[in-house]
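What follows is one structure encoded as structure tokens, with my remarks underneath.
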4 protein chains.
Amino acid sequence: MTSKKTEKYQMILEGALKVFAEHGFHKSQVSKIAKAAGVADGTIYLYFKRKEDLLICLFREKLGELVQKFEDSVRDIDDVKEALHKVCEIHYTELENNVDLAHVTQIELRQSSMELRREIGMAFKPYIVLIENLLVKGVQQGVFKPDLDVKLVRLLLFGAMDEVVTSWLISGRKYSLAGQVNGTIDFFLKGIAR
Amino acid sequence: MTSKKTEKYQMILEGALKVFAEHGFHKSQVSKIAKAAGVADGTIYLYFKRKEDLLICLFREKLGELVQKFEDSVRDIDDVKEALHKVCEIHYTELENNVDLAHVTQIELRQSSMELRREIGMAFKPYIVLIENLLVKGVQQGVFKPDLDVKLVRLLLFGAMDEVVTSWLISGRKYSLAGQVNGTIDFFLKGIAR
Amino acid sequence: MTSKKTEKYQMILEGALKVFAEHGFHKSQVSKIAKAAGVADGTIYLYFKRKEDLLICLFREKLGELVQKFEDSVRDIDDVKEALHKVCEIHYTELENNVDLAHVTQIELRQSSMELRREIGMAFKPYIVLIENLLVKGVQQGVFKPDLDVKLVRLLLFGAMDEVVTSWLISGRKYSLAGQVNGTIDFFLKGIAR
Amino acid sequence: MTSKKTEKYQMILEGALKVFAEHGFHKSQVSKIAKAAGVADGTIYLYFKRKEDLLICLFREKLGELVQKFEDSVRDIDDVKEALHKVCEIHYTELENNVDLAHVTQIELRQSSMELRREIGMAFKPYIVLIENLLVKGVQQGVFKPDLDVKLVRLLLFGAMDEVVTSWLISGRKYSLAGQVNGTIDFFLKGIAR
DNA sequence: TATGAATGAGTCTTCATTCAT
DNA sequence: GATGAATGAAGACTCATTCAT
């Protein structure tokens, strides 16, 4: 029962991911998603209240999985620098290996109302918090500057990585995203001043 | 003569800026923009081919002005660190003092097709290049690391600032954006490692 | 099953026939046709791609029925003169008894692009061919002149009848159309010379 | 003064003829006609009340010239058969030599409301009457059947010729229209029966 | 008279959502 | 639960017509 219900639910989300990634949110008709998911149009409304919910849920689901991966990877790493490196590596490789998801997170998710943007901000929160915790831990360990403005720097870190991914995507993915990890982390840790 | 022809054009762009900022691109009816601009619906189509053109032109126009300001400000500053500080300061203060524009650049402009995203990327280019030139200059002066990956770092800088602005906007502008300049630049220059 | 799917299709065509006949193609709003057909505006687009398709399909459907009647009537008549008389009789009586259809065929169908005119020409073809076959048969039987230019005369026959119907319609249908059959056929067969 | 006024008036009608012939009435924007005529959009409204008036006046003007030609040609011909031949010859050759006009009379003029169709019917009247007079004259001379239904036959004649022209036009003018005169007149005079 | 920028009413078409089966 | 035919609100865009210059 539950599994069957979950089954269609997942099929619809997979369909939405494909269609959103290819056409963008506003140009993705519900009927197209239904076809991609192999269900009837109306069926979608048994699992999702509105079209926008598809985006939100897709995002929560996928981001949840990602955050889980981040947490799993970092949990057993005591060295915060190494942990930060791992976070960036996962951030880049996961999206590089899942272009559809990258499209949705970098392009489609932004195509939404202020209201939805707030929703999205909320869902990103755990990831931002994870970064923040790393920063705090680093400060406590004396590895990071003691006067670090963690609230600001967590944004700077996330924004920097985010832009790298978006730029890579828009450029047509002509280079390796994973190849940017070292450069990114080096910048984070040491800045640009000699 | 010229001013008169330009007059309506500007009025329409101003109207579009207001309406886009308040409602977002997709929920902004052309008729609402016309009303805000004080012209008839049809008049808009004498100056712009499609609704989307409003967004593109608005963006080009405003971004052009911004880039001009950046260039003017930086031109006579020899100290690249100071120049970078100035760039960040302008980036934050300009958007803080022009919330409507901030809304459009941070939220609405992203609400567009891949195609338009590419357009936008093109228009951001001069700004990115300006940052890149600063980086190169700094490397040459020996102020920045000699092995700096300027192509990567310019993205990191831009992305970091961009995220700070967006986050400030989404949070409801509860704190001073200009107040983040020092922290941001400090991060850029020195990184986070102790 | 089939009947149900066809049902709405037919209802829409009937609605279109009524509205086109009353207001003409260009002044017939789709919403008015929908109301006349007892369906929602959008429903029309489940069965027809564009408004113009309504005209084309209506025409094909109705003309097809007419041509069928012509063929059925003539099939068992060996005397070509009698057959020609029958054709003219059906031509006049069918349109006299179906004023809405007459409006559409004589007035609205002509209100269309060159492109559509060609479509219409194609659909009239079977009728023109039927007349041509009668002429050929008559020549073979020695009932019609041996040197008859059938390609030309079939047009002359059709054009003559067509004009009579249009004139009758435009005049306000003040006389009997069926009453013109004998005069028409007499003209066809014997000409006007003493 | 008058000549100058007439000059623009004529230029506009010429422009309208060209544009209507090329694009058809409904797809001919007033601005396009203005450009073709070399005047401003508004100028057209100094000479014509509505767009539809362009069609009506164009039609009256051109048809008036044609009817004049018919009358001039027929005036001095006593032999009604010869006169009828002349009428058909002019009908075909004039339109064959003036394809734009042919387009307008055969295609565009029909693209109009019932109301306009009536107008057109009125303007055709002199031509129809001219044919009728020939028929009456022929009957009086004993050249045509004494019991000829002139009201009906004038329609049959006009309709037949009209269809030949339209068919020639739609077919792409692949054969000579003037070459159909003899066949047409033969049909009119002698009918098709052996 | 002539202009052409401005107007704004008018309409086709799309597509998210519903609901009878 | 599942379907998909039906709905109808919504809105971008066109273009005949006007009128200030």
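Lettering of chains follows the sequences in order, A, B, ..., and the numbering in each one begins at 1.
In a base pair of the Watson-Crick type (N1 to N3 plus N6-O4 or O6-N4) or a G-U wobble (N1-O2 and O6-N3), with each distance short of 3.5 Å, dC12(E) is matched with dG11(F). In this structure dT21(F) sits in a base pair with dA2(E), meeting the Watson-Crick or G-U test at under 3.5 Å.
Rounded to whole Å, atom C1' of dA6(E) lies 17 Å from atom NZ of Lys35(B). To the nearest angstrom, P of dA12(F) lies 13 Å from CG of Leu55(B). For the pair Glu52(B) CD and dG11(F) P, the computed distance is 17 Å after rounding to whole Å. Residue Lys32(A) contributes atom NZ, which lies 12 Å from atom P of dT14(E) at whole-angstrom precision. Regarding Ile12(C), its CD1 atom lies at a distance of 14 Å from the P atom of dT13(E), rounded to whole Å. Put simply, NZ on Lys49(D) is 12 Å from C1' on dT17(F), counting in whole angstrom units. Remark: C1' of dA6(E) and CD of Glu7(B) are 13 Å apart, rounded to the nearest angstrom. Phe48(C) has its CZ atom 16 Å from the C1' atom of dC12(E), to the nearest Å.
The nucleotide whose nearest atom lies closest to any side-chain atom of Val39(A) is, among dC13(F), dT3(F), dT7(F), dT3(F). Listed candidates were dT3(F), dA5(F), dT3(E). Nearest to the side chain of Leu46(C) is dA5(F). Set against dT3(E), dC13(F), dA6(F), the side chain of Tyr45(B) has dC13(F) as its closest nucleotide. Of the candidates dT3(E), dT3(F), dG8(F), dT3(F) carries the atom nearest the Ala40(A) side chain, counting heavy atoms from C-beta on.
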Sort me out a list of protein N/O and nucleotides 9-11 of chain E N/O pairs below 3.5 Å, or just none if empty.
from    : atom 1 : to       : atom 2 : distance (Å)
dT11(E) : OP2    : Gln29(C) : NE2    : 3.4

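Of the side-chain N and O atoms in Tyr47(C), none sit less than 4.0 angstrom from OP1 or OP2 of dA5(F).
Classification of the Tyr9(A)-Phe48(A) ring pair by plane angle, with boundaries at 30° and 60°, yields parallel.
Glu61(A) places a side-chain heavy atom less than 4.5 Å from the side chain of Gln10(A). When side chains are defined from C-beta on, Ile33(D) counts as touching Phe20(D), because their heavy atoms get closer than 4.5 Å. The side-chain heavy atoms of Leu95(A) and Gln106(A), taken from C-beta on, include a pair separated by under 4.5 Å.
For the pair Lys32(A) (side chain) and Lys27(A) (backbone), a donor-acceptor distance under 3.5 Å is absent. For the pair Lys51(C) (side chain) and Phe25(C) (backbone), a donor-acceptor distance under 3.5 Å is present.
Applying the side-chain contact (heavy atoms from CB on, under 4.5 Å) test between Lys8(C) and each of Val39(C), Ile44(C), Leu46(C), Leu13(C) identifies Val39(C) as the sole match.
Of the two residues near DNA chain E, Thr43(C) and Ile44(B), the one whose nearest nucleotide lies more 5' is Ile44(B).
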